[in-house]
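The structure under discussion appears below in the form of structure tokens.
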Amino acid sequence: MIFIIIIMFALMYFTMYRPQKKQQQQRQEMLNQIKVGDPVVTIGGLHGVIDSMNDTDKTVVLDCDGIYLTFSRSAIRTVSRNTAAASANSDSAKAETKEADTQADSEAKPTTAPADAAEPVKEEKAPTTDAPKADNAEAKPED
């Protein structure tokens, strides 16, 4: 009976506590290896680049497109190591998006106004077939 309880505790340790502890160690190692210039994502989903770090307070200042925000180191969820590749990809993606938007705008807007723009457009209405047709040309009044 005691042997079964010991096996249950061992199984619980290897399935619950050990993986969690390993994950915490990996996260702590990631936070200790961050440096100025690394692109990061916070736990709130904010993307930015580390501008400065304060080791005594364990805080980092993030540059988010010219806005500087101070966060605790524990607020960093992920760190991207491809600094040059990430910034080059984001710059090229922004340029492609801007170019596509410009092309879409130029295709959507007419370059010249129509000559008869001052006159309202008259639409011809097709006859409706909702009303029943009378076979008799003369309608007889009912008494």
Side-chain angles (χ1 to χ4, degrees), residues 1-137 139 141-142:
M1 181 74 170
I2 295 175
F3 183 69
I4 293 173
I5 294 173
I6 292 173
I7 290 176
M8 285 179 28
F9 278 114
L11 185 64
M12 189 169 58
Y13 172 77
F14 283 109
T15 58
M16 294 177 65
Y17 296 116
R18 190 167 182 224
Q20 185 178 7
K21 190 172 183 178
K22 185 176 180 182
Q23 189 178 26
Q24 285 176 344
Q25 287 175 345
Q26 288 175 345
R27 178 172 165 72
Q28 189 62 38
E29 184 178 313
M30 176 197 67
L31 292 176
N32 289 337
Q33 291 179 354
I34 61 174
K35 61 184 181 292
V36 174
D38 284 345
V40 296
V41 179
T42 65
I43 56 176
L46 183 73
H47 294 252
V49 178
I50 296 178
D51 185 61
S52 64
M53 296 173 34
N54 187 344
D55 291 332
T56 58
D57 295 339
K58 295 188 179 186
T59 60
V60 294
V61 177
L62 297 183
D63 178 10
C64 304
D65 291 333
I67 299 171
Y68 295 91
L69 303 168
T70 304
F71 287 96
S72 173
R73 276 194 189 185
S74 62
I76 295 175
R77 182 186 339 152
T78 57
V79 178
S80 175
R81 293 291 173 201
N82 297 336
T83 311
S87 64
N89 288 340
S90 65
D91 290 342
S92 64
K94 287 179 184 177
E96 289 175 7
T97 305
K98 186 179 270 188
E99 183 178 316
D101 289 344
T102 305
Q103 287 178 350
D105 288 344
S106 65
E107 290 174 2
K109 295 179 183 175
T111 55
T112 59
D116 57 350
E119 296 179 19
V121 178
K122 295 180 182 176
E123 296 181 10
E124 293 184 25
K125 295 184 179 179
T128 59
T129 58
D130 294 341
K133 292 184 181 179
D135 291 334
N136 238 346
E142 293 183 18

Within this structure, what is the [atom1]-[atom2] distance for the pair [X] and [Y], rounded to the nearest 0.5 Å?
X: Arg73; Y: Met30; atom1: CZ; atom2: CE; value: 11.0 Å
X: Leu62; Y: Met53; atom1: CG; atom2: CE; value: 11.0 Å
X: His47; Y: Thr78; atom1: NE2; atom2: OG1; value: 7.5 Å
X: Met16; Y: Leu11; atom1: CE; atom2: CG; value: 10.5 Å
X: Phe9; Y: Ile4; atom1: CZ; atom2: CD1; value: 13.0 Å

Legend entry - Closest heavy-atom pair and its distance - Gly48, Cys64: CA-SG, 3.9 Å
Inset, instruction - Please report the shortest heavy-atom distance between Arg77 and Ile43, naming the atom on each side. - result: NH2-O, 3.6 Å
Legend entry - All pairs passing salt bridge (charged side-chain N to carboxylate O under 4.0 Å, His left out) where residues 15-31 contributes a residue, at least two apart: none
Legend entry - Step-by-step side-chain contact (heavy atoms from CB on, under 4.5 Å) determination, Asp51 to Tyr68: CA-CA 8 Å; Asp51 185 61; Tyr68 295 91; 3.6 Å; yes
Legend entry - Residues, nucleotides or ligands: over 12 heavy atoms within 6.0 Å of Gln33 CD: yes
Inset, instruction - Step through the shown structure and confirm whether more than 12 heavy atoms of other residues, nucleotides or ligands are within 6.0 Å of CD1 on Ile5. - result: yes
Legend entry - Steps toward side-chain contact (heavy atoms from CB on, under 4.5 Å) verdict (Ile50, Val40): CA-CA 7 Å; Ile50 296 178; Val40 296; 3.8 Å; yes
Legend entry - Audit row: Gln28, Asn32, side-chain contact (heavy atoms from CB on, under 4.5 Å) steps and yes/no: CA-CA 6 Å; Gln28 189 62 38; Asn32 289 337; 3.4 Å; yes
Inset, instruction - Start with the C-alpha distance between Val60 and Ile34, add both sets of side-chain angles, then the distance that settles side-chain contact (heavy atoms from CB on, under 4.5 Å), and finish with yes or no. - result: CA-CA 10 Å; Val60 294; Ile34 61 174; 4.1 Å; yes
Legend entry - Asn54 backbone acceptor or donor facing Asp57 side chain under 3.5 Å: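 Looks like no, no N/O pair under 3.5 Å.
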Legend entry - Option passing side chain to side chain contact (heavy atoms under 4.5 Å, CB included) with Leu69 (candidates Leu46, Val61, Asp63): Leu46
